[in-house]
There are 2 protein chains.
Amino acid sequence: MDQPSRSAGTVRPGGRTARVRAAVLEATQNGLVEHGFHGLTMDQVAARAGVGKTTVYRRWGSPAGLVADLMTELANQSSSHTDMGTVEEDLRANALSVQRALADERLGSTLQAVIAAATCDEQAAQALRSFYLRRIEEWAHVVDLAVKRGELPEGTDGREVVRAVSAPLYYRLMVTREPVTREDAEASVSRALAAARAGAFVRP
Amino acid sequence: MDQPSRSAGTVRPGGRTARVRAAVLEATQNGLVEHGFHGLTMDQVAARAGVGKTTVYRRWGSPAGLVADLMTELANQSSSHTDMGTVEEDLRANALSVQRALADERLGSTLQAVIAAATCDEQAAQALRSFYLRRIEEWAHVVDLAVKRGELPEGTDGREVVRAVSAPLYYRLMVTREPVTREDAEASVSRALAAARAGAFVRP
DNA sequence: GCCTTAATGGAATGAAAGTTCCATTAGAAT
DNA sequence: ATTCTAATGGAACTTTCATTCCATTAAGGC
């Protein structure tokens, strides 16, 4: 119900408030890693953050609010890509970055939990969608440049290529729940590229 | 805690027991569709099934147990494929079948909920994994036959091709949360096939 | 350093879900 | 039809989480 209180009056983001937020998001992530979204309660988060329960309710409102804010924080932390070299190198860098995130105990669990949260809460869904759509957009740019350089057929849909690189990794993570290895990441890049070179990603 | 009581003595799967199970699984699916796994409680399921709360606890133990049993039921209901025609036709049939399931209000929500449940419960995870691995195995056979017919390069990994066809659809469903259309399904088939023909699915 | 008030924390309250006890119902065998 | 007992259901009990009230703390302006 409560939106984070950005009142019209004076705001005090200094010292304590920031410290509380950091502790709460840390506790949120720990909770997600251990019990998933389903087991995330305001109660436990407050306790583990060493923060009053009231504060957590006032500032985040619900478990979904916590997850959404955590997602925002992760988005800000994530480093931007470096579009140097060939498409293959760029896409491999992308795929390996995704693979590392998914295979990482902490980050992988967190992402799974956020995806799970999105299935039953619109706020979390919004945070997730905007995060990934922006990410896709960024990397699509790399592909678009490659098209301009003539490495890929004219009209190739960069966003779809980027999706095609990530999709099998997330499929393994969420659906078949198999480990996601570097080999999987590299195979995914090879396959997406092979299809792209064959013109299978050219917009109709 | 309780496993479904398959005691050593006489079992009575007749009439009432089967009716209760059907009602409970129906209520479970309705609950998942409306509130997701996160909002699935034994309490509500029992109430909506018109069944005693005690019975639900005894036979299924937890929300995850309900989901796992529902998954088993869906697996049994699912029709088998018909491997006639070219690989392209077969894979398209597969992709469209998946697309229809994901786009369907009821089935799509259910699958999302099961995937979410699997992120925080090993029982649900097991049900999900075995369901999809078997499904993949079945369709991989179709691809293997195509390899024997010479439609695809020798050594092509059928399981990986099948995964590649489904992955983008599930990616859209769970990660970017975009609608999953027939066009997506057909594009996915084209791309997987293009890569397969280029030998990108040949085992190393 | 002092004052104002945004922000926090502890404790009490209320609602909802999980869990158990025991009487009742209805398959299945005779 | 009768009997046996697996299976079920109602209700009480316990725990846990969500929500609110009000006193306390500390950030930011003077």
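Every chain is numbered from 1 and lettered A, B, ... according to where its sequence line falls, protein lines coming before strand lines.
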Between A:Gln77 and A:Leu74, is a side chain to side chain contact (heavy atoms under 4.5 Å, CB included) present by the stated rule, with each step listed? CA-CA 5 Å; A:Gln77 287 175 11; A:Leu74 291 180; 4.1 Å; yes

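In this structure, CZ of B:Arg59 is placed 8 Å from P of D:dA7, rounded to the nearest angstrom. As a whole-Å value, the separation of B:Arg58 CZ from C:dC22 P is 14 Å.
Nearest to the side-chain atoms of A:Thr17 among the listed nucleotides C:dT8, C:dG9, C:dG18 stands C:dT8. Among the nucleotides D:dA11, D:dT8, C:dT19, the one closest to any side-chain atom of B:Thr54 is D:dA11. Each of D:dG9, C:dG27, C:dT19 was ranked by its minimum atom distance to the side chain of B:Lys53; first place goes to C:dT19.
Contact detail for A:Val98 and A:Tyr170: the closest heavy-atom pair is CG1-CE1, 3.8 Å. The two residues B:Leu102 and B:Leu111 have their closest heavy-atom pair at CD2-CD1, 3.7 Å.
For B:Arg19, no side-chain nitrogen or oxygen approaches OP1 or OP2 of C:dA26 to under 4.0 Å. When the side-chain nitrogen and oxygen atoms of B:Arg21 are compared with OP1 and OP2 of D:dA7, none of them lie within a distance under 4.0 Å. Close to D:dT20, at under 4.0 Å from its OP1 or OP2, lies no side-chain N or O of A:Tyr57.
Near DNA chain C, meaning a heavy atom under 4.0 Å away, the residues from residues 30-51 of chain B are B:Thr41, B:Met42, B:Asp43, B:Gln44.
Counting only N and O atoms by type, the side chains of A:Arg172 and A:Gln99 include no donor and acceptor under 3.5 Å apart. Side-chain contact check for A:Glu88 and A:Thr86: no donor-acceptor pair (N or O, by modelled atom type) lies under 3.5 Å. Side-chain contact annotation: B:Ser97 with B:Asn94, donor-acceptor N/O pair under 3.5 Å absent.
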